Number of protein chains: 2
Amino acid sequence: MGTETQPSEQPWADIAPDAARRLVTAAVEAFAERGYHATTTRDIAGRAGMSPAALYIHYKTKEELLYKISSVGHRLSLRILQEAAASDGSPAERLATAVRSFVSWHAERHTTARVVQYELGALGEEHYAEIVGLRREVDTVMRSIIQDGVDAGDFDVPDVPGTTLAALSLCIDVARWFNPEGRRGPEDVGELYADLVLRMVGGAGKP
Amino acid sequence: MGTETQPSEQPWADIAPDAARRLVTAAVEAFAERGYHATTTRDIAGRAGMSPAALYIHYKTKEELLYKISSVGHRLSLRILQEAAASDGSPAERLATAVRSFVSWHAERHTTARVVQYELGALGEEHYAEIVGLRREVDTVMRSIIQDGVDAGDFDVPDVPGTTLAALSLCIDVARWFNPEGRRGPEDVGELYADLVLRMVGGAGKP
DNA sequence: TCGACCCCTAAGCGCTTGCTCAGCGTCAGA
DNA sequence: TCTGACGCTGAGCAAGCGCTTAGGGGTCGA
């Protein structure tokens, strides 16, 4: 709940000209609310307090804005997962940390995460291919934690790729349903989900 | 794998004039592929082998098509869940059956499910409210199975609403990532997920 | 004081969108 | 043979889309 979010978790802090940053945050809001295709460039510019033409001074196309959001968002969430995976502790502890932080990022930044996770299909071909590469890395990190637990004899997992898929799917889908007005805060969901994923790998009571 | 799908699981079998049915199936394909907003009425009509104007003889608007798909799809998936919940057996067996059939429907009919689960936001206000009601029923059914297991002492679940949310989220997200070309068939995913959800409720080895 | 530079806007272009409408062919019943 | 209902098409309308362009108005160093 009261955990202060690090600046690194605020995705757009270091985007260069002020106007460009205002445009990204406006686009994130709009894309998350209505979806990429239902959002107009006029709407984005309006939310950023500018005329429609101003958008094209900072970004070549509307798709480039989406790409920027998707790229920065994917890299940030991947880094959060990697840091958790590289931390000290048993596989169970690392898995719990990974799920907790990955999930609470998806909840805390659920507007960004929604765009990141659900608007991939609107990217151009090359941009899409690049993002798919990042997603594969996410999968690799999660699978390696689970595999470590299996190798150490701490987890009981008959199907490692399948369980990895399910665990990531669970985390990612938080972006879809999370409601900041709801009873559960980001940290609460992270805690709940860390427990559930530990149960899935059969390593709940392990050191 | 070889399990024959009942006609009831083929959502559009009983839509009245042939042309109207061709239009729904064309719309499902198009919406699932590109999303509602990125799909044009010309595209839908084209896939159904008709001129753009023909669409409006059978459906008042493009949104009405989406509503039809969403309504039929939600009712069907709800019924599948309800039937599993009403079956004989221990809570663990009923939960496994529910997850297995709910998940394999989402995989088997993943194009329909994708529209059902991810295009809600494009519905008009009244239609949206109606669909939200159906979704609440889905939640109620799943929660009651889990609660039964807790009451019977078979499950160990500290947070019933939270676990219900997670279990449904897991099932629903299958529609997003499922790939019919992949190694896992719908029945395989159903089996895997039934096991994982049983682990989540701590009732894996129970009668 | 001046010109160079950067941001920005007003206006609008070409195109696509959801949707309409007059009319055409087909076919059952009289 | 005529008639009316039905299912459909070709053509097209108004509105809105992504994006462009010409030019205005600040803020600099010189």
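Every value quoted in this text rests on a predicted model; they were computed, and no experiment measured them. Heavy atoms only: backbone and side chains are in, while hydrogens, waters and symmetry mates are out. Reminder, nothing fancy here: chain letters follow the sequence lines and each chain counts from 1.
- OP1 and OP2 of dC19(C) both lie 4.0 Å or more from every side-chain N or O belonging to Thr41(B).
- In Asn179(A), the CG atom is crowded: over 12 heavy atoms of neighbouring residues, nucleotides or ligands sit closer than 6.0 Å.
- Atom pair Asp43(B):CG and dT17(C):P shows a separation of 9 Å (rounding to whole Å applied).
- For the segment residues 21-38 of chain B, the set of residues with a heavy atom within less than 4.0 Å of an atom of DNA chain D is empty.
- In this structure a side-chain-to-backbone donor-acceptor pair under 3.5 Å is present from Glu63(B) to Gly124(B).
- Between Arg42(A) and Pro17(B), the residue anchored closer to the 5' end of DNA chain D is Pro17(B), taking for each the nucleotide with the nearest heavy atom.
- Side-chain N/O atoms of Glu119(A) and His37(A) include no donor and acceptor closer than 3.5 Å.
- Annotation: the terminal axes of the helix from dT1(C)-dA30(D) to dA30(C)-dT1(D) meet at 10°, where each axis is the rotation carrying the C1' atoms of four end pairs onto the next four (5 pairs per end, rounded to 10°).
- Protein chain B contacts DNA chain D from dC8(D) to dG12(D), reading 5' to 3' and using non-hydrogen atoms of the protein with a distance under 4.0 Å.
- For residues 49-69 of chain B, proximity to DNA chain D is found at Met50(B), Ser51(B), Ala53(B), Ala54(B), Ile57(B), His58(B), defined as any non-hydrogen atom under 4.0 angstrom from a strand atom.
- Arg34(B) places no side-chain N or O within 3.5 Å of a backbone atom of Thr39(B) that could act as its donor or acceptor partner.
- Taking the six-membered ring where tryptophan is involved, the planes of Tyr67(A) and His127(A) are essentially parallel, since the angle between them stays under 30° and well short of 60°.
- Both cation-pi conditions hold for Lys62(A) and Tyr36(A): the charged atom is under 6.0 angstrom from the six-membered ring centre and inside a 45 degree cone around its axis.
- In this structure Asp14(A) satisfies the salt bridge (charged side-chain N to carboxylate O under 4.0 Å, His left out) test with no other residue, sequence neighbours excluded.
- Side-chain atoms of Ser104(A) never come within 3.5 Å of backbone atoms of Glu187(A) as a donor-acceptor pair (strictly under, hydrogens ignored).
- Of all non-hydrogen atoms in Gly89(A) and Arg94(A), the two that sit nearest each other are O-CD, 3.5 Å.
- Around the CG atom of Asp88(B), the shell of radius 6.0 Å holds no more than 12 heavy atoms that belong to other residues, nucleotides or ligands.
- Arg100(A) contributes no side-chain N or O that, together with a main-chain N or O of Glu191(A), makes up a donor-acceptor pair within less than 3.5 Å.
- Listed by first then second residue, pairs satisfying side-chain hydrogen bond (donor to acceptor under 3.5 Å, both in side chains) with a partner in residues 163-174 of chain B read Ser169(A)-Asp173(B), Asp173(A)-Ser169(B), Tyr118(B)-Asp173(B), Asp173(B)-Arg176(B), not counting sequence neighbours.
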Under the salt bridge (charged side-chain N to carboxylate O under 4.0 Å, His left out) criterion, do Arg75(B) and Glu130(B) qualify, and how do the steps go? CA-CA 11 Å; Arg75(B) 276 169 228 277; Glu130(B) 186 190 322; 2.6 Å; yes
